[in-house]
Amino acid sequence: MLRYGCNRFLGLGQRTPQTGAQGVLVRLYHERVVDHYNNPRNVGSFDKNDPTVGTGLVGAPACGDVMKLQIKVDEKTGQITDACFKTFGCGSAIASSSVATEWIKGRQKEEVLTIKNTEIAKHLSLPPVKLHCSMLAEDAIKAAVKDYEAKRVKAGTSGNAKEDEATHA
């Protein structure tokens, strides 16, 4: 039922194409958004108590979207080895989460902090009214890295082998 309603809202479940006043086909979402909504990548969750996992939980009170993005970090290299998400929200929020997890896998945790919501929004061709979805993804990435680093401090390590060696030398 939910899938039917969402597909109908996205303009995917209609037998006759929607047309505007000029007879031009109207598409509500870019094909990348539809693809990531219909086939989201990296959906799931990790054990939040795992010391190699960072969890970012963010929400947008204005629209009700909630995004949980988690990263799994190699403690020796600082590289993000895996990422997953669970999002309660619109198609744009789900697509933004899916893209974010694809982009951060295999990168250094410091490097993913440079990913901007504008890059995600441009990649998905989000309209201005949906920019908050890409902002949630950027905020979730930052929150996940911050959570991972907070766990490292609590455990007494930085998560970076070179820094730990210098500290203990």
Side-chain angles (χ1 to χ4, degrees), residues 2 6 29-126 130-169:
L2 179 63
C6 291
Y29 281 93
H30 189 274
E31 62 189 39
R32 284 191 204 105
V33 174
V34 175
D35 178 42
H36 279 275
Y37 171 75
N38 284 330
N39 306 297
R41 284 65 149 183
N42 309 306
V43 175
S45 62
F46 301 129
D47 177 9
K48 67 179 181 179
N49 297 318
D50 182 340
T52 66
V53 171
T55 303
L57 182 63
V58 295
C63 67
D65 291 347
V66 178
M67 186 179 294
K68 178 175 88 169
L69 187 141
Q70 292 181 298
I71 57 173
K72 190 170 275 200
V73 182
D74 182 320
E75 295 182 81
K76 294 181 180 170
T77 64
Q79 182 181 36
I80 296 172
T81 58
D82 204 358
C84 63
F85 78 94
K86 283 190 177 179
T87 296
F88 177 80
C90 65
S92 296
I94 292 167
S96 294
S97 304
S98 179
V99 166
T101 58
E102 284 193 318
W103 286 6
I104 63 178
K105 285 167 108 179
R107 295 170 84 177
Q108 294 294 316
K109 60 182 168 67
E110 295 81 12
E111 185 183 357
V112 301
L113 295 174
T114 65
I115 295 174
K116 299 294 176 210
N117 72 294
T118 51
E119 297 171 74
I120 296 169
K122 184 177 179 180
H123 178 73
L124 293 172
S125 299
L126 295 179
K130 292 295 184 178
L131 290 180
H132 68 279
C133 298
S134 61
M135 288 181 205
L136 279 177
E138 178 185 344
D139 292 344
I141 293 168
K142 289 178 180 176
V145 171
K146 184 177 180 180
D147 180 61
Y148 171 77
E149 290 175 345
K151 285 181 179 180
R152 299 286 42 150
V153 168
K154 189 175 179 182
T157 62
S158 70
N160 185 331
K162 291 178 187 173
E163 287 179 27
D164 292 340
E165 287 176 19
T167 305
H168 298 303

Which residues satisfy the side-chain hydrogen bond (donor to acceptor under 3.5 Å, both in side chains) test with [X], sequence neighbours excluded?
X	value
Asn42	Thr101, Lys105
Glu111	Arg107
Ser98	His36

- Going by the salt bridge (Lys or Arg N to Asp or Glu O under 4.0 Å) test, which pairs reach into residues 35-44, not counting sequence neighbours? Asp35-Arg41, Arg41-Glu102
- Hey, are the side chains of Leu113 and Ile115 touching, using non-hydrogen atoms and a 4.5 Å cut-off? no
- Query: Does any non-hydrogen side-chain atom of Leu124 lie less than 4.5 Å from one of Ser92?
  - Reply: no
Can you measure from [atom1] ([X]) to [atom2] ([Y]) and round to the nearest 0.5 angstrom?
X	Y	atom1	atom2	value
Lys109	Ile104	NZ	CD1	13.5 Å
Asn38	Glu31	CG	CD	12.5 Å
Asn117	Ser134	CG	OG	4.0 Å

Return the set of residues passing side-chain contact (heavy atoms from CB on, under 4.5 Å) with [X] (not counting sequence neighbours), or none when no residue passes.
X	value
Thr118	Lys116
Ala60	Cys63, His132, Leu136
Ala144	Leu69, Ile71

Name each donor-acceptor pair under 3.5 Å that joins a side chain in residues 44-52 to protein atoms two or more places apart or in another chain, with its distance.
unit_1: Asp47; atom_1: OD1; unit_2: Asn49; atom_2: N; d: 3.0
unit_1: Asp50; atom_1: OD1; unit_2: Thr52; atom_2: N; d: 2.8
unit_1: Asp50; atom_1: OD1; unit_2: Thr52; atom_2: OG1; d: 2.9
unit_1: Asp50; atom_1: OD2; unit_2: Thr52; atom_2: OG1; d: 3.3

- Query: What are the two closest heavy atoms between Cys133 and Met67, and how far apart are they?
  - Reply: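 Where Cys133 meets Met67 most closely, the heavy atoms are O-CE, 4.0 Å.
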- Message: So which atom in Val112 and which in Val145 form the shortest heavy-atom distance, rounded to 0.1 Å?
- Response: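 Smallest interatomic distance, heavy atoms only, reads CG2-CG2, 3.8 Å.
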- Query: Any sub-3.5 Å donor-acceptor pair from Gln70's side-chain atoms to Gly54's backbone N or O?
  - Reply: no
Identify all side-chain donor-acceptor contacts of residues 81-90 below 3.5 Å with residues at least two apart in sequence or on another chain.
unit_1: Thr81; atom_1: OG1; unit_2: Lys72; atom_2: O; d: 3.1
unit_1: Thr87; atom_1: OG1; unit_2: Ser97; atom_2: OG; d: 2.7

- ring pair (Phe, Tyr, Trp, His ring centres under 6.0 Å) contacts touching residues 95-114 (sequence neighbours left out):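 Residue pairs passing ring pair (Phe, Tyr, Trp, His ring centres under 6.0 Å), neighbours aside: Trp103-His123.
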